[in-house]
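To start, the structure under review is shown below, and the notes come after it.
All values derive from a computational prediction rather than experimental measurement.
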Amino acid sequence: MARLTLKCQYSQRTSEPRHGFVRGLDEDWGPWHAAAVSLATGGSLQSLRRTNQERVLRLLLRNGAMHRAEIARRIDVSRATVSTIVNEMIERGVLVQVRVPAADRLDGRVREHVAISRNVGVAAGLDFTLDRVAVHLSDLEHRELVSQDVRVAADATAVDRVRAAAELLHGALAAHGLGHEDVVGLGIGVPGQVATATGTVGPSLPGQPWAGLNVRDLFERQFGQPVMVDNNTRLEAMAEYLWGAGRRAPSMLYVNLTSGIGAALIVDGRLYRGALGGAGELGHVSVDFDGPPCPCGNRGCLIQKAAAPAILGQLRPLLGDDATIADVVAAVRSGDRAAAGVLSDAMVVVGRTLANLCNLLDPGRIIVGGPIAAAGEVVVDAVRTGIRRYAMPAVNSTTDVVQADFEESTQAGARGGAALVLQEAPHLASVLRRLTR
């Protein structure tokens with residue numbers, strides 16, 4: 001495998017890359033982008049050529065294999081220009097030609113697509129929940145290499161979790177004959193509010209081992225790879241957007257239903273994080289202003305009505321004191337009407353809360369994921385019911401509510417870590433372009 005050395009670390013603290021790498025450019029500018037670059041560089045054809053190479057690479061990083069004609073259309077240059085760029089990078093081993101599976105052909109004809117070679121490197125994701133750590137490896141053609149997880153103690157420290165993650169990542173790489181030098185970027189998912197500019201996790205509720213830590217620096221010191229850090233619900237959303245139920249939706253809202261309730265909004269392929277990285281705390285929206293106090297300082301929060309502890313509190317007389325959400329899901333699937341009724345009532349409250357977001361944001365598609373969503377249509381139908389009752393008619397007619405494709409949220413978060421590298425890693429296209437020299 002071609003070695004992409006890990007001296008390509010970037011900094012999220014500033015807009016400038018480390019080690020002098022040029023700043024990434026956005027293909028969405030279209031022809032104005034090329035013109036601006038041309039003017040800024042005195043009309044240098046060489047600069048324009050480098051820019052077009054990076055635009056092709058960035059498009060392939062975000063979308064996977066594409067037909068040359070589609071690449072030309074998306075970056076608004078001639079097919080001849082794209083063919084010249086593609087042929088040169090194929091000769092250098094950066095790109096390869098691939099056949100599209102029959103199911104993906106729009107007209108039934110065999111089509112040759114181009115993709116970034118799997119020999120260039122891999123994107124890696126790690127995700128941490130209360131008692132598990134998961135890893136996911138994807139090649140730059142968007143194909144899964146491995147997705148697995150291991151259990152950790154619920155009271156494990158951050159250092160213990162990093163150690164477990166290091167062993168898991170090392171084993172996953174070794175199983176495919178890879179080393180750490182083959183990783184072009186590492187996306188990390190952790191609970192809590194993450195200041196994405198620094199990689200620091202903000203103050204959190206009790207029991208969170210990451211609170212106050214600069215997770216990005218911690219992992220860069222441990223692994224040596226360029227690291228991106230985000231809230232794990234947002235990474236689950238990115239996995240659904242790139243490879244799952246939200247695949248290429250113009251905009252979508254992902255909701256994770258577990259011991260907490262988190263949400264993530266993606267607009268035009270971009271995660272919305274808020275001013276400081278705190279967006280998505282759906283569980284701490286008040287649904288009862290006169291309700292009981294919540295540890296967050298609010299009253300009557302959604303989690304007190306519809307998160308796992310609230311649901312289990314109602315069902316323990318039926319299922320026992322040691323019941324878990326997995327037990328609730330099993331009871332619902334077996335036809336237990338009492339369990340289904342409690343779960344449905346809670347999910348209608350979630351739908352009612354989401355109706356307000358629909359009126360405000362009109363997300364188009366809502367994806368329901370997390371352990372509670374494993375109950376399937378009982379959950380999805382109840383959420384739809386809540387939205388239908390309280391959302392405006394115009395929004396109702398355009399909002400699609402579906403279950404997440406990736407049922408296991410920890411592995412979905414790890415997938416999303418790899419997806420984050422492919423979608424948003426700064427300067428990665430610049431690094432890959434240098435292999436064509």
Side-chain angles (χ1 to χ4, degrees), residues 1 3-24 61 120-129 133-138 140 152 156-174 178-202 204 208-232 234-235 238 271 273 276-277 413-432 434:
M1 175 169 283
R3 299 301 189 196
L4 246 179
T5 62
L6 296 171
K7 294 179 181 178
C8 58
Q9 289 181 327
Y10 57 85
S11 174
Q12 292 174 309
R13 295 186 183 90
T14 69
S15 61
E16 296 299 328
R18 297 179 187 171
H19 309 306
F21 282 163
V22 297
R23 187 178 303 172
L61 282 169
V120 171
V122 295
L126 289 170
D127 188 59
F128 296 87
T129 58
V133 55
V135 65
H136 180 88
L137 298 180
S138 171
L140 304 191
V152 295
T157 65
V159 173
D160 292 335
R161 293 167 190 269
V162 172
R163 187 178 299 114
E167 294 176 0
L168 188 61
L169 178 59
H170 178 75
L173 290 169
L178 304 172
H180 285 261
E181 66 276 11
D182 295 306
V183 177
V184 300
L186 178 61
I188 307 289
V190 294
Q193 296 183 341
V194 179
T196 49
T198 64
T200 300
V201 180
S204 187
Q208 291 288 0
W210 306 105
L213 295 179
N214 188 314
V215 178
R216 190 188 65 207
D217 284 353
L218 184 66
F219 277 91
E220 283 186 348
R221 288 196 303 269
Q222 174 70 31
F223 295 104
Q225 285 99 349
V227 170
M228 304 177 75
V229 182
D230 215 322
N231 171 270
N232 44 20
R234 286 200 281 266
L235 295 193
M238 184 62 79
L271 280 167
R273 297 178 170 90
L276 298 174
R415 287 175 186 269
L420 189 67
V421 171
L422 295 171
Q423 296 284 288
E424 295 191 8
H427 329 306
L428 182 52
S430 302
V431 173
L432 296 181
R434 291 167 183 259

Begin with the C-alpha distance, continue with both residues' side-chain angles, and end with the deciding distance and a verdict on side-chain contact (heavy atoms from CB on, under 4.5 Å) for Leu61 and Leu428. CA-CA 9 Å; Leu61 282 169; Leu428 182 52; 4.0 Å; yes

Using the side-chain contact (heavy atoms from CB on, under 4.5 Å) rule, take Val194 and Trp210 through it: C-alpha gap first, then chi angles, then the decisive distance, then the call. CA-CA 10 Å; Val194 179; Trp210 306 105; over 6 Å; no

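Salt-bridge check for Arg273 with Glu424: passed, with a basic side-chain N closer than 4.0 Å to an acidic carboxylate O.
Residues Val215 and Phe128 are not in side-chain contact: their nearest non-hydrogen atoms beyond the backbone lie 4.5 Å or more apart. At a threshold of 4.5 Å between non-hydrogen side-chain atoms, the residues Asn231 and Val201 do not count as touching.
None of Leu186, Val184, Val183 except one satisfies the side chain to side chain contact (heavy atoms under 4.5 Å, CB included) rule with Val122; the exception is Val183.
Across all their heavy atoms, Pro426 and Met228 have their closest contact at CD-CE, 4.4 Å. Scanning all heavy atoms of the two residues, the minimum distance from Met238 to Gln423 falls at SD-CG, 3.8 Å. Closest non-hydrogen pair, Asn232 versus Pro191, comes out as ND2-N, 3.5 Å. Among all heavy-atom pairs drawn from Gln222 and Val162, the shortest one is CG-CG1, 3.8 Å. Here the closest heavy-atom approach between residue Ala158 and residue Leu213 is recorded as CB-CD1, 3.5 Å. Summarising the geometry of Arg161 relative to Pro209, their closest heavy-atom pair is NE-CG, 3.4 Å, with the distance given to 0.1 Å.
The structure places CG of Leu169 at 6.5 Å from CG of Leu137, a figure rounded to the nearest 0.5 Å. Here the CG atom belonging to Leu140 is positioned 6.5 Å from the CG atom belonging to Leu432, to the nearest 0.5 angstrom. Note that CG of Leu271 and OG1 of Thr196 are 9.5 Å apart. Values are rounded to the nearest 0.5 Å. Atom CD1 of Ile188 and atom CG of Leu235 lie 9.0 Å apart (nearest 0.5 Å).
Listed by chain and residue number, Asp160 satisfy the salt bridge (charged side-chain N to carboxylate O under 4.0 Å, His left out) test with Arg163 (two or more places apart in sequence, or in another chain).
In this structure, His180 and Phe223 have parallel ring planes: the angle between them is below the 30° cut-off, well short of the 60° mark.
Between the side chain of Asp217 and the backbone N or O of Asn214 there is no donor-acceptor pair closer than 3.5 Å.
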